[in-house]
Every structure is written in C-alpha cells, then in structure tokens.
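Input: a single structure, listed below in structure tokens.
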Amino acid sequence: MIQNKNDFLESEARQVRVRLNKTGGDIPGCRNHYLLEAIPGMQPVVEQVIREFIDETRNIVEFAHAQQELELIQYEADGFNRLVKQYADQPRMQTALNVAFEIWNNSPGPEERLRQIVDHADSIAPSGSESFTSCQAPT
C-alpha cells in the first residue's frame, strides 16, 4: 500500500512538472488545478515541485531579463500580460516571466519582512530577564 501511494505521488509529481512546462510556468493555474482535484496529500507534492521549478528557472539566462522587464513595468498586471503575449514565440522567456512574477507576488512586503527579522532575532536571543540581570553593573 505504501509503495503504491509513493508511486502515485511520484507519478503525480511528474505530471505537475509536465503541466508547468506545458503552460510556460503558469504556477497559479497549476495550483488551482490541483486544488480543484482535491487529491488527499497532493498539495505538499505540488508545492515541492513548484519550489523546484522556481529554483531551476532562476538559473536560466532569461530569468534576469524577465526581472528587468517586470521592473520596467513595475510589476503591473496588465503590463505583465502584455509581456507574456509579446514573448509568445519564446517559451523560456514566458516561463521566466511567469516565475519572476510569481516570486514577486509572494515576496513579503517591507513590514512583513521586518516582522520576520524581529521574530527571528527574538527566537535566537536569550530571554530578556536573564540577559538584563546578567549584564547589569554592580552598584
């Protein structure tokens, strides 16, 4: 049973990768497709394949160019759609645009990033009362 489940998940992971490649990196569409399928245990597999796909796409030459193009239009949705149509005959550039746009959409804003930094600092710092009492000068 476990082997059949693993085989099924591996097969589905390959299908997710194929879907991402065929759709030019349409990550939201891929997520939605598998959410609608509602296959138990599939969402973590989908997210793992998407993370791997994003990591691979970041390493292609077109990715830096896609980021520059998106910065020029300030990541505006209509401009993004125009760029995707403009590069219709360049599938790698379309994939890079889709991935760069997805990364930007899911990047934390400045407030969220600051909160993450503070939370991380709080988690590694010693508790306040211990450090305060141990650091006081004798009176």
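FYI, the numbering just counts along the sequence from 1.
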Checklist outcome for this item: So OG1 of Thr95 and NZ of Lys22: to nearest 0.5 Å the spacing works out to 14.0 Å
Next on the checklist: Is the ring pair Phe101/Tyr75 parallel, tilted or perpendicular, if the boundaries are 30 and 60 degrees?
Outcome noted: parallel
Checklist entry - Side chains of Leu20 and Ile50: closer than 4.5 Å at any heavy-atom pair? => result yes
Checklist outcome for this item: To the nearest 0.5 Å, atom CZ of Arg92 lies from atom CG of Asn21 at 10.5 Å
Next on the checklist: Between Pro44 and Val46, is there a side-chain heavy-atom distance shorter than 4.5 Å?
Outcome noted: no
Item to check | side chain to side chain contact (heavy atoms under 4.5 Å, CB included) partner of Ile27, the single match among Ile103, Asn106, Val99 | outcome: Val99
Item to check | Side chain proximity check, Asn59 to Phe63, heavy atoms < 4.5 angstrom | outcome: no
Checklist entry - Hey, is the main chain of Phe53 close enough, under 3.5 Å, to the side chain of Thr57 for a donor-acceptor pair? => result yes
Item to check | Check: Gln48/Glu52 side-chain N/O donor and acceptor closer than 3.5 Å | outcome: yes
Checklist entry - Hey, quick one: are Phe80 and Leu72 part of the same hydrophobic cluster, counting side-chain heavy atoms closer than 4.5 Å, chains of contacts allowed? => result no
Checklist entry - Taking side chain as C-beta onward, heavy atoms only, is Tyr34 less than 4.5 Å from Gln15? => result yes
Checklist entry - If every non-hydrogen atom of Asn98 is compared with every non-hydrogen atom of Gly25, which pair is closest and at what distance? => result CB-O, 3.2 Å
Item to check | Nearest non-hydrogen partners of Ile60 and Ala96, listed with the distance | outcome: CD1-CB, 4.3 Å
Checklist entry - Quick check: does any side chain N or O of Glu76 sit under 3.5 Å from a backbone N or O of Asp78, one acting as donor and the other as acceptor? => result yes
Next on the checklist: Does Arg17 form a salt bridge (charged side-chain N to carboxylate O under 4.0 Å, His left out) with Glu56? I'd like the steps, not just the answer.
Outcome noted: CA-CA 12 Å; Arg17 180 165 296 288; Glu56 291 169 11; 3.2 Å; yes
Checklist entry - Should Tyr87 and Ile73 be regarded as members of a common hydrophobic cluster, given that ILVMFWY residues are connected when their side-chain heavy atoms come within less than 4.5 Å of each other, either directly or indirectly? => result yes
Checklist entry - Are any of the side-chain heavy atoms of Glu62 and Gln90 separated by less than 4.5 Å? => result no
Item to check | Which atom of Ala88 lies closest to which atom of Gln94, heavy atoms considered | outcome: CA-NE2, 3.4 Å
Checklist entry - Is the shortest heavy-atom distance from the side chain of Gln86 to the side chain of Arg82 under 4.5 Å? => result no
Next on the checklist: Quick check: do Cys30 and Val16 have side-chain heavy atoms less than 4.5 Å from each other?
Outcome noted: yes
Checklist entry - When rounded to the nearest 0.5 angstrom, what is the spacing between OG1 in Thr23 and NE2 in His33? => result 10.5 Å
